[in-house]
Amino acid sequence: MTEKPLIIAGPCSVDTEYRFKSTLDYLLKYDIKYIRVGLHKPRTSPHSFQGLGEQAYNYISQLKKTTPFVVVSEILSESDFAGMDTFVDIYQVGSRNMDNYNLLKYLSKNTTKPVLLKRGASATVSEYLSAADYLNQTKANNTYLCLRGIRTFEQIDSVAMRNTPDLATILTLKDHTPLPILFDPSHSTGNYRYVNDVARAALVLGADGLMIETCTNPETALCDGQQSLNQQQFHRLLEQINYF
Ligand code: PEP
Ligand code: MN
């Protein structure tokens, strides 16, 4: 690979200012400017931390003024659009909303900003590409695809990964779309120990970039700490992929 892969990185969610700011600082030091800013979190359980939501809009907006970075943030609902649009640069539509066609149509109609569309955990490749077509109706080449693991029979076993990394799908997608293809080894595996190897495999197979969860003190993160790299592990990944 001659061109550097696109790296989108950051904590799963913004939970404390300290974790977010200290993570941002090391990412910017590594020249990574596309930052995960998880504010509205789609959690399986209503009892889990749901993200700071609107409470953190002002914090992110102000931080962006002093420390410019590219905000990649998941939108769960059309009703959040007006508040988020003042500081979001790339809208993420997560796995659970891949087939929320109203949300896709809404974004297609209301923004020219790029949208990063994750694959639904049970979506076929054709269904995924059709969902991406909703976004492309008005803005071809302004969409990023992001594979993040799928649900297969592996997950009936207690020793399985959180999802099955759909690595080979990079090859089939490349045959069927010119859109950039990112790979998320964090949600694919659910375990920080597997992230670096799966990330490298994705690049070998031709992924254009990676979305990685990394933060300061992942062991105390309120969401997905078990699959998040600490700074040292993230640094190691960048070395392994010759990012520097
Ligand atoms: C995320 O990236 O924060 C996320 C929730 O991922 P996914 O939609 O792939 O589960
Ligand atoms: Mn996460």
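Below, all heavy atoms of this structure are taken into account, side chains as well, without hydrogens, waters or symmetry copies. As the structure lists them, so they are numbered: ligands from 1, and atoms in each ligand from 1.
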Which protein non-hydrogen atom lies closest to [atom], naming both residue and atom, and how far is it?
{"atom": "atom 8 (O) of ligand 1", "result": "Ser95 N, 2.8 Å"}
{"atom": "atom 9 (O) of ligand 1", "result": "Arg148 NE, 2.7 Å"}
{"atom": "atom 5 (C) of ligand 1", "result": "Glu74 OE1, 3.6 Å"}
{"atom": "atom 6 (O) of ligand 1", "result": "Lys118 NZ, 2.9 Å"}
{"atom": "atom 4 (C) of ligand 1", "result": "His187 NE2, 3.6 Å"}

Between Tyr134 and Tyr101, how do the two ring planes meet: parallel, tilted or perpendicular, split at 30° and 60°?
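The rings of Tyr134 and Tyr101 lie parallel, inter-plane angle below 30°.
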
Determine the interplanar angle of the Tyr57 and Phe87 rings, folded into 0 to 90°, and report it as parallel if under 30°, tilted if 30 to 60°, perpendicular if over 60°.
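It falls in the tilted class, 30° to 60°.
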
Between Arg19 and Thr220 (side chain of the first, backbone of the second, donor and acceptor by atom type, cut-off under 3.5 Å), is there such a pair?
yes

If you count the atoms of ligand 1 from 1 in the order shown, which ones are under 4.0 Å from a heavy atom of Lys41?
1 (C), 3 (O)

What atoms in ligand 1 come closer than 4.0 Å to a heavy atom of Gly94?
8 (O)

Indicate yes or no: does an N/O atom of Arg96 lie under 3.5 Å from an N/O atom of ligand 1?
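Yes, at least one N or O pair falls under 3.5 Å.
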
Only one of Arg148, Arg36, Lys118 passes side-chain hydrogen bond (donor to acceptor under 3.5 Å, both in side chains) with Asp184; say which it is.
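Option passing the side-chain hydrogen bond (donor to acceptor under 3.5 Å, both in side chains) with Asp184: Lys118.
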
Would you say Arg36 touches ligand 1, if touching means a heavy atom closer than 4.0 Å?
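A heavy atom of Arg36 does come that close to ligand 1.
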
Of all N, O or S atoms in Asp224, which has the smallest distance to the Mn ion (ligand 2)?
OD2

Verify the ring-centre separation between Tyr106 and Phe81: is it less than 6.0 angstrom?
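When the ring centroids of Phe81 and Tyr106 are compared, they turn out to be within the sub-6.0 Å range.
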
With the Mn ion (ligand 2) at the apex, how many degrees lie between SG of Cys12 and OE2 of Glu213, rounded to 10 degrees?
90°

Pair Asp224 + Lys41, salt bridge at N-O below 4.0 Å
no

Using a strict cut-off of less than 4.0 Å between a Lys/Arg side-chain nitrogen and an Asp/Glu carboxylate oxygen, indicate whether Asp25 and Lys29 qualify as a salt bridge.
no

Verify the distance criterion only: is there a donor paired with an acceptor across the side chains of Thr214 and Gln233 at less than 3.5 Å?
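Thr214 vs Gln233: no donor-acceptor pair found between side chains.
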
Using 2.8 Å as the threshold, say whether any N, O or S atom from Cys223 sits that close to the Mn ion (ligand 2).
no

